[in-house]
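Per chain, numbering begins at 1; letters A, B, ... match sequence-line order.
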Number of protein chains: 2
Amino acid sequence: MESIDTELANKIRKDVILGTYDDGARLSEAQLCDTYGVSRTPVRLALRLLEREGILRRAEGRGYVVHSPTVQDILQAVQVRGHLESLAARLMAQSSGRHNRLPTLEAAIDEIDKFIRAGNLDDASLRKLQQQNAVFHKTILDGCGNDFVGYTCDQISHMPMLESGSMVFDKQVLSTSEGIQRSLFRLKLGNSQHKVIFEAIQKGDAVRAEAMMREHSNTMVEYIEVFEKRNAELTLTDLISYSGINLDQDASGTDEAE
Amino acid sequence: MESIDTELANKIRKDVILGTYDDGARLSEAQLCDTYGVSRTPVRLALRLLEREGILRRAEGRGYVVHSPTVQDILQAVQVRGHLESLAARLMAQSSGRHNRLPTLEAAIDEIDKFIRAGNLDDASLRKLQQQNAVFHKTILDGCGNDFVGYTCDQISHMPMLESGSMVFDKQVLSTSEGIQRSLFRLKLGNSQHKVIFEAIQKGDAVRAEAMMREHSNTMVEYIEVFEKRNAELTLTDLISYSGINLDQDASGTDEAE
DNA sequence: ATCTCCTTCTTGGGATCCCAAGGTGAAAGG
DNA sequence: CCTTTCACCTTGGGATCCCAAGAAGGAGAT
């Protein structure tokens, strides 16, 4: 069981993303106490958390104000994360042999392959895909030998909203069979990049591991950019619905076996 | 004026680093309340902060335990920071012309040059050097266009203890005139790297800017490694005394003019 | 002497109260 | 009608109290 302030933060985050509070709206502590039925102590802790996440901005003397992230914000966060992942991939390749993560990586790749071959991208499958994708990325981040890399990644603003190595799916694209084909192509591309990264790490080719992880990350960034241009009118909520954004915070599929 | 919890965190951090509390010692809330004369509320906030910084570890059910960073920890933190700085340098080079940071960078380089030419490495000069060094690095981090880069850097564990782009000075090295010559050489090397980075950013050569910043960071990491090997018996406090670790938290020399 | 159980203390986490400082809006006065 | 002032409210930040759950240590039983 999570403590109340974390749960409260989750609730407020959800409400902000779902549009219950308008962008720029002031969040009064008293009102939040009332709405969620708790005292000011946890409310203020939650507000602090959400400020660090970047969802809220502090307005000195006037409390907190909603600052829902733009697609641009998410792009920048993903860029930083990708860069850190490329460091992790390099370090993991360098320390190849001193860790025991290769089977985990290979299993995740195989799992993703299985979903791609099955070819159906319903909600349940997508969630499983997300999860395996997260396993792949998280394994590299947490197993690279530098403990700060994974930790730092989690500290990036807006990242608590995003699953590891967030994959974005476009609702509208998925609604057509041609769109599904395109998404499948993208997944195939992504997983082939996973394989290349895996092999580089396995061989201890640090330079290649880093370069390939960077390419993988860039592919993601480019996809979001295309997505944004094509759907300028789409709200963040729409993007989030089919991206890796975790509104429930319960599906912590990546239990690290130490 | 800072709020009490932050000040308290500063005090506890200082005490931990200076060795008032042994590594592994338990910090009792009641005891801290007593020692610093405040109530549990700010104490617990401070403990939370210090846990995020990595100075304390939470011992579930048994409060917090001192976990003073090893040289290895600091090395890893610097590695992550360096990697993020290389991203920042690349981005800044890419957006060359859309920002106005070049004069700041050039001024910092010139200032550092001035100190090197003066050739005296007394405490006051070292502090000023640190400060200008911090300006150079922070300007790139904060002015690269991706706001998450600088923010994320500040979130790295142990980083609140370190000045931006921490430069390490070895007390023992500085005690001999030959040692001072070596330190001056290192400073010269570092600042020549600064110049190369600056020129790459100015020319918009993103690849070179990133590569050179990486080299700069590696130089730093290597220096710390040499330092560690040579002075295995040196305590962290010794390292900290002449590194960029900020015990007072008052000398915030890098006021960002927005 | 060892094991078990019970008491006690600490931690974790909230609720409530408190106070100072700064913002806001309404009323009074020009 | 505009300005100024003042009362009121909100926020920021602590102190104090409270309670449940778990750790630690001591007493009693085997």
- [ ] Select from B:Gly37 and A:Leu47 the residue whose nearest nucleotide in DNA chain D is closer to the 5' end of that strand.
- [x] A:Leu47
TODO: If the plane angle is over 60° it's perpendicular, under 30° parallel, otherwise tilted; pick one for B:Phe136 and B:His194.
DONE: parallel
Open item on the list: Whole angstroms only, please: what is the CD-P distance between B:Glu29 and D:dA15?
Closed with: 14 Å
Open item on the list: In this structure, how many angstroms lie between the P atom of C:dC9 and the CD atom of B:Gln31, rounded?
Closed with: 17 Å
Task: Distance test, side-chain N/O of A:Arg62 to OP1/OP2 of D:dG12, below 4.0 Å - done: no
- [ ] Identify whether the distance between the nearest side-chain nitrogen and carboxylate oxygen of B:Glu51 and B:Arg57 falls below 4.0 Å.
- [x] no
Open item on the list: Nearest whole Å is fine: how far is D:dT16 C1' from B:Leu45 CG?
Closed with: 15 Å
Open item on the list: Let's see if you can work this out: which of C:dT24, C:dT16, D:dA24 has an atom nearest to the side-chain heavy atoms of A:Thr41?
Closed with: C:dT16
Task: Atom pair distance, as rounded to whole Å: CG in A:Leu49 and P in C:dG13 - done: 12 Å
Task: Distance, rounded to the nearest Å, where B:Leu56 contributes CG and C:dT11 contributes P - done: 13 Å
Open item on the list: Taking the side chain as everything from C-beta on, heavy atoms only, tell me whether B:Leu75 gets closer than 4.5 Å to B:Glu225.
Closed with: yes
- [ ] Provide, to the nearest angstrom, the distance between the CD atom belonging to A:Glu51 and the P atom belonging to D:dG13.
- [x] 10 Å
Open item on the list: Please confirm whether the shortest side-chain N or O distance from B:Arg40 to OP1 or OP2 of C:dA15 is below 4.0 Å.
Closed with: no
Task: B:Arg48 and A:Asp5 ion-paired at < 4.0 Å - done: yes
Open item on the list: The side chain of A:Arg26 is closest to which nucleotide in this list: C:dT10, D:dT10, C:dG12?
Closed with: D:dT10
Open item on the list: With a 4.0 Å cutoff (strictly under), does any side-chain N or O of A:Ser39 reach OP1 or OP2 of C:dA15?
Closed with: yes
Task: Between P of D:dC9 and CG of A:Asp34, the distance in whole Å - done: 17 Å
Open item on the list: Using a heavy-atom cut-off of 4.0 Å across all strands, would you classify B:Arg48 as base, sugar-phosphate, or nothing?
Closed with: nothing
Task: For B:Ala46 against B:Ala9, the heavy-atom pair lying closest together - done: CB-N, 3.8 Å
- [ ] Provide, to the nearest angstrom, the distance between the CZ atom belonging to A:Arg58 and the P atom belonging to D:dT10.
- [x] 18 Å
TODO: Look at the side chain of B:Arg44 and decide which nucleotide, out of D:dA15, D:dT11, C:dG14, has an atom nearest to it.
DONE: C:dG14
